[in-house]
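Here the structure is a predicted model, which is why all the values come from computation and not from measurement. Here is how names work: the chains are called A, B, and so on, in the same order as the sequence lines, proteins then strands, and each is numbered from 1.
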Amino acid sequence: MIRQPQQLVLCFKQQQQLQSSTLRQSSTLNFKSSLPSVNGTCFKQRNQHKNFVSLNTPIESPTYNYPITALALPCKSTRNSRGKSPFGIYVPSQHFTAQRVKSPGSMATKKKTKEKIDVTKSEVSPVNLNEEITKVLEVLARNEKSEDNVYKERAYYNAIRTISLYPQKITSGEEAKQLRGIGESISRKIDEILSTGTCEKLTESSSNPTTQLMNLFTRIYGIGPVAARKFIEKGYQSIDDLSKDPDLTPIQRLGIKYLNDFEIPIPREEMIELDKLVTITAREIDERYTVTVCGSYRRGAPESSDIDIVLSHPDYISSLESDPGELLKKYVDCLSEKEFIIDHISSGAVKYMGICRLQDNESRIHRRIDIRLLPYDRYWLGIFTLTGDDEFNKKMRSRAMDLNMHLSEYILARKDKSTGEIREPIEVQNEADIFRSLGLSYIEPKDRSWRMVRKKYKSDQKTEKNVNAAQQPESSSDKIGKVNENQRGGSQQPEASSDKPGKVNEKQREGSQQPEASSDKIGKVNENQREGSQKPESSSDKIGKVNENKREGSQPVNSYHRDWIKEEIKSQSSSNRLLEATKRIFKWPWTGISSR
DNA sequence: GCGCGC
DNA sequence: GCGCGC
Ligand SMILES: [Mn+2]
Ligand SMILES: [Mn+2]
C-alpha cells in the first residue's frame with residue numbers, strides 16, 4: 001500500500017544540542033526502525049517553531065494515521081567523526097533510531113573545503129580590532145534570538161567571538177572567511193559592513209516594525225518569541241498597549257514593571273554585598289544551611305545580570321525518602337521578612353525565582369534572584385551546573401553523552417549501553433571529580449564563560465602555574481581594586497572545605513556535621529583544610545583580609561571567598577596532554593573571558 | 001543539554 | 001507547551 005509522505009514533527013527540547021549542520025534544511029534523514037526503513041527531508045516551516053521532517057518513502061504502520069510527534073533522541077554530535085547514529089527519533093509507543101544519510105557528494109565537498117583557521121591557536125588580539133563588524137553582527141544575533149532562531153543566533157556569536165579575537169583589522173569578507181565560524185553569508189555581510197558601515201539585513205530588520213516589536217517585547221521578562229508574536233498579532237505597538245492586555249500573566253506584569261531595572265547590570269561590588277546578605281540570612285535561620293552564589297558571579301564576572309544561589313541543607317539529600325520540605329520556603333520567607341525579597345515570580349519546593357532589593361539606600365535597583373535547593377550530597381554537581389555558563393553546560397553534557405554518560409545537577413552516571421538506563425551515580429566530591437570523570441582537564445570557573453562575546457582584555461603574562469589562563473579580563477576602567485579581586489577569585493577554587501557538602505554518610509543522615517574530605521583528595525589538600533573550621537569561611541572582598549579571615553572562628557561574610565582549598569593547578573599543568581586534549585575536544589578553547 | 005514551575 | 005535558569 002502506497003502512502004503519501006508523512007510529516008514528522010521533531011521537537012528538540014531537552015535533548016542533546018543538534019548541530020546546525022544536522023538541522024540544515026533539506027538534510028536527508030534516514031530512519032531505521034521497527035517500522036520499514038524510511039527517510040525524509042528536514043525543513044523548517046515559516047511561522048512555526050518546530051522542525052519538520054517530511055518522509056520521502058511511504059511507510060506502512062499502525063501509527064501512520066496518527067500525527068507522529070517525534071523527539072530527537074540523544075545523538076552523537078557531528079564533530080564525532082566516528083559518527084555512529086547522529087539522529088534518533090521517538091514516536092509514542094514506538095521507539096526507533098534513525099540515521100542521517102551523508103550523501104557521497106557532501107562528503108566529497110566536505111573534504112575539499114579548506115581547513116579553517118582557528119584564531120585561538122595563535123596569538124589573539126588583546127582588544128577587539130573589529131568592533132565595527134562585531135557590533136553589527138551582535139544586533140543580527142539578537143534579532144535571530146528574538147525570532148527564536150537559536151542556531152543562527154549561535155552562529156553569529158561564534159563568528160563574533162572569532163572576529164573579536166582576530167589579531168588584525170579585517171579588510172575583506174574573503175579574509176574573514178578563512179576563519180572558523182565565518183562562512184559565505186557572514187563574509188558577504190562583512191564586505192557590506194566594511195564598505196557601508198551596515199548591511200542590508202540589518203537595515204531591513206531595523207525598518208521592519210514587526211522585528212522591532214519582537215525585539216522590544218522579548219526584552220520583557222516572561223515574554224518569549226511565542227508570546228511576543230501573539231501580542232503583535234493583537235496589534236500592539238508599544239509596551240503601553242501591552243500593559244493594558246488582560247491576558248498578561250502575573251509574571252509578565254512583573255516583567256513590565258521591572259523592565260528598566262532588570263536591564264541594569266549588577267556591579268561586582270553589589271554582588272558581594274548581596275552575597276553577604278544572603279549568606280548571613282541563612283546562618284540566622286539554621287547554621288547547617290550552605291549558601292553559595294553561583295552564576296556569572298562565581299565565574300568572576302565584573303558584572304552580573306542576576307543572583308543565582310545554590311542552597312543546600314543536610315536534611316535534604318538525594319534519596320527517595322528525603323524530600324525538600326520547607327527548607328527553601330523557610331529561607332525565602334526569611335529574606336522576605338527582611339523585605340529583601342519583594343516580589344515573587346515562581347516558587348516551588350526546589351526552585352525559587354523572585355525580585356529583591358537592598359534597602360540601605362533609596363537608589364538601590366531591583367534585582368532578579370534565583371534560588372535552587374539541591375540535595376546536600378549532590379552539592380558539587382549543583383555548584384557545577386549553576387555556575388555555567390549555559391554553553392559550557394551544554395558542552396559538558398554533550399561530552400557526557402559522547403561517553404555514554406548522563407550529566408545533570410543531580411547526577412553524573414554511566415548509562416546502560418543497550419537500554420540507555422541511567423546507572424548508579426559516580427562519586428562527586430568536588431568539581432575536579434566531574435572533569436576527571438569526563439576525561440577532561442580541570443577548568444576554572446573564570447574560564448567557563450563560553451557563550452558571551454569577549455569584550456576587553458589586557459595582554460597576559462603567562463605563568464607556568466596556570467597554563468589555562470591565556471588571558472585575564474581587563475580591568476573595567478573604573479576600579480583598580482576590582483581587578484585583583486577578580487583575578488584572585490578566578491584562580492580561587494572553592495573545593496573540599498573541611499565540612500563541605502557533597503558527601504552523605506551515616507552520621508550525616510542523622511544531621512551531624514560533615515566528615516573530612518575523601519581520602520583521594522587528602523594529598524592535595526592545603527593548609528586551609530587542616531584548620532578544620534566549622535563552616536566554609538570567607539574573606540571579604542579585599543585581598544588584604546584573606547589571612548585575617550582564615551582565622552578560626554571568624555564568620556563567613558560571603559560565599560565567594562570561602563576558605564576552601566584551591567584545586568591544585570599544578571596537577572593540571574603536569575598533565576599538559578590532558579589539557580591539550582581538552583582544548584581539542586571543545587574546538588573553542590577557553591580564553592579567559594569573565595562575563596555575565 | 002537538561003530541569004523547574006506555571 | 002512556554003519561558004526561564006545555568
Ligand atoms: Mn545569572
Ligand atoms: Mn539566574
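Remark: P of B:dG3 and CG of A:Asn393 are 12 Å apart, rounded to the nearest angstrom. Nucleotide C:dG5 holds its P atom 22 Å from the CG atom of A:Leu381, rounded to whole Å. Protein atom CG of A:Asp370 is 12 Å distant from nucleotide atom P of C:dC4, rounded to whole Å. We find that CZ of A:Phe262 is positioned 10 Å from P of C:dG5, with the value rounded to whole Å. Put simply, OH on A:Tyr410 is 7 Å from C1' on B:dC4, counting in whole angstrom units. The separation between A:Leu254 atom CG and C:dG3 atom P is 16 Å, rounded to whole Å. Residue A:His344 contributes atom NE2, which lies 12 Å from atom P of B:dC6 at whole-angstrom precision. Distance CD1 (A:Ile223) to P (C:dC4): 9 Å, rounded to an integer number of Å.
Side-chain contact between A:Lys395 and A:Arg399 is absent, with no heavy-atom pair separated by less than 4.5 Å. Contact check for A:Asn143 versus A:Lys152: no side-chain heavy atoms found under the 4.5 Å cut-off.
At the phosphate of C:dC6, neither OP1 nor OP2 sits under 4.0 Å from any side-chain N or O atom of A:Tyr297. In this model, the phosphate group of C:dC6 is not approached by any side-chain N or O of A:Arg451 to a distance below 4.0 Å at OP1 or OP2. Within the 4.0 Å cut-off from OP1 or OP2 of B:dG3, at least one side-chain nitrogen or oxygen of A:His406 is found.
Counting only N and O atoms by type, the side chains of A:Ser559 and A:Asp275 include a donor and acceptor under 3.5 Å apart. Side-chain contact, A:Thr292 with A:Tyr379: a donor N or O sits under 3.5 Å from an acceptor N or O. Under the 3.5 Å distance criterion, with hydrogens and angles disregarded, a donor-acceptor pair is assigned to the side chains of A:Asn215 and A:Ser146.
With B:dC2, C:dG3, C:dC6 as the choices, the nucleotide that has an atom nearest any side-chain atom of A:Met401 turns out to be B:dC2. Taking every side-chain heavy atom of A:Val350 into account, B:dG5 is the closest of C:dC6, B:dG5, C:dG3. Nearest nucleotide to the A:Asp306 side chain, out of B:dC6, C:dC6, B:dC4: C:dC6. Distances were taken from every side-chain heavy atom of A:Met353 (C-beta onward) to each of B:dC4, C:dC6, C:dC4; the shortest belongs to C:dC4. Set against C:dC4, B:dG3, C:dC2, the side chain of A:Arg372 has B:dG3 as its closest nucleotide. Candidate nucleotides C:dG3, B:dG3, C:dG5 were compared by shortest atom distance to the side chain of A:Pro225, and C:dG3 ranks first.
Using a 4.0 Å heavy-atom criterion, one finds that A:Ile345 contacts no nucleic acid atom at all. Across all strands shown, A:Ala227 has heavy atoms under 4.0 Å from sugar-phosphate atoms exclusively, and none from any base. Residue contacts shown for A:Ser347 are limited to sugar-phosphate atoms, with no base heavy atom under 4.0 Å away.
Toward the 5′ end of DNA chain B lies the nearest nucleotide of A:Arg397, the other residue of the pair A:Ala349 and A:Arg397 mapping further downstream.
Within residues 210-222 of chain A, the residues having any heavy atom under 4.0 Å from DNA chain C are, by residue number, A:Ile220, A:Tyr221, A:Gly222.
When each of A:Asp370, A:Ile369, A:Leu274, A:Ile355 is checked for a side chain to side chain contact (heavy atoms under 4.5 Å, CB included) with A:Asp306, only A:Asp370 meets the rule.
In this pair, A:Phe435 and A:Phe384 present their aromatic rings perpendicular. The plane angle is above 60°, beyond the 30 to 60° band.
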>> Determine whether A:Tyr316 and A:Tyr289 satisfy the following criterion, ring-ring contact (aromatic ring centres under 6.0 Å, His included), listing intermediate values before the conclusion.
In response: CA-CA 10 Å; A:Tyr316 172 49; A:Tyr289 274 120; over 10 Å; no
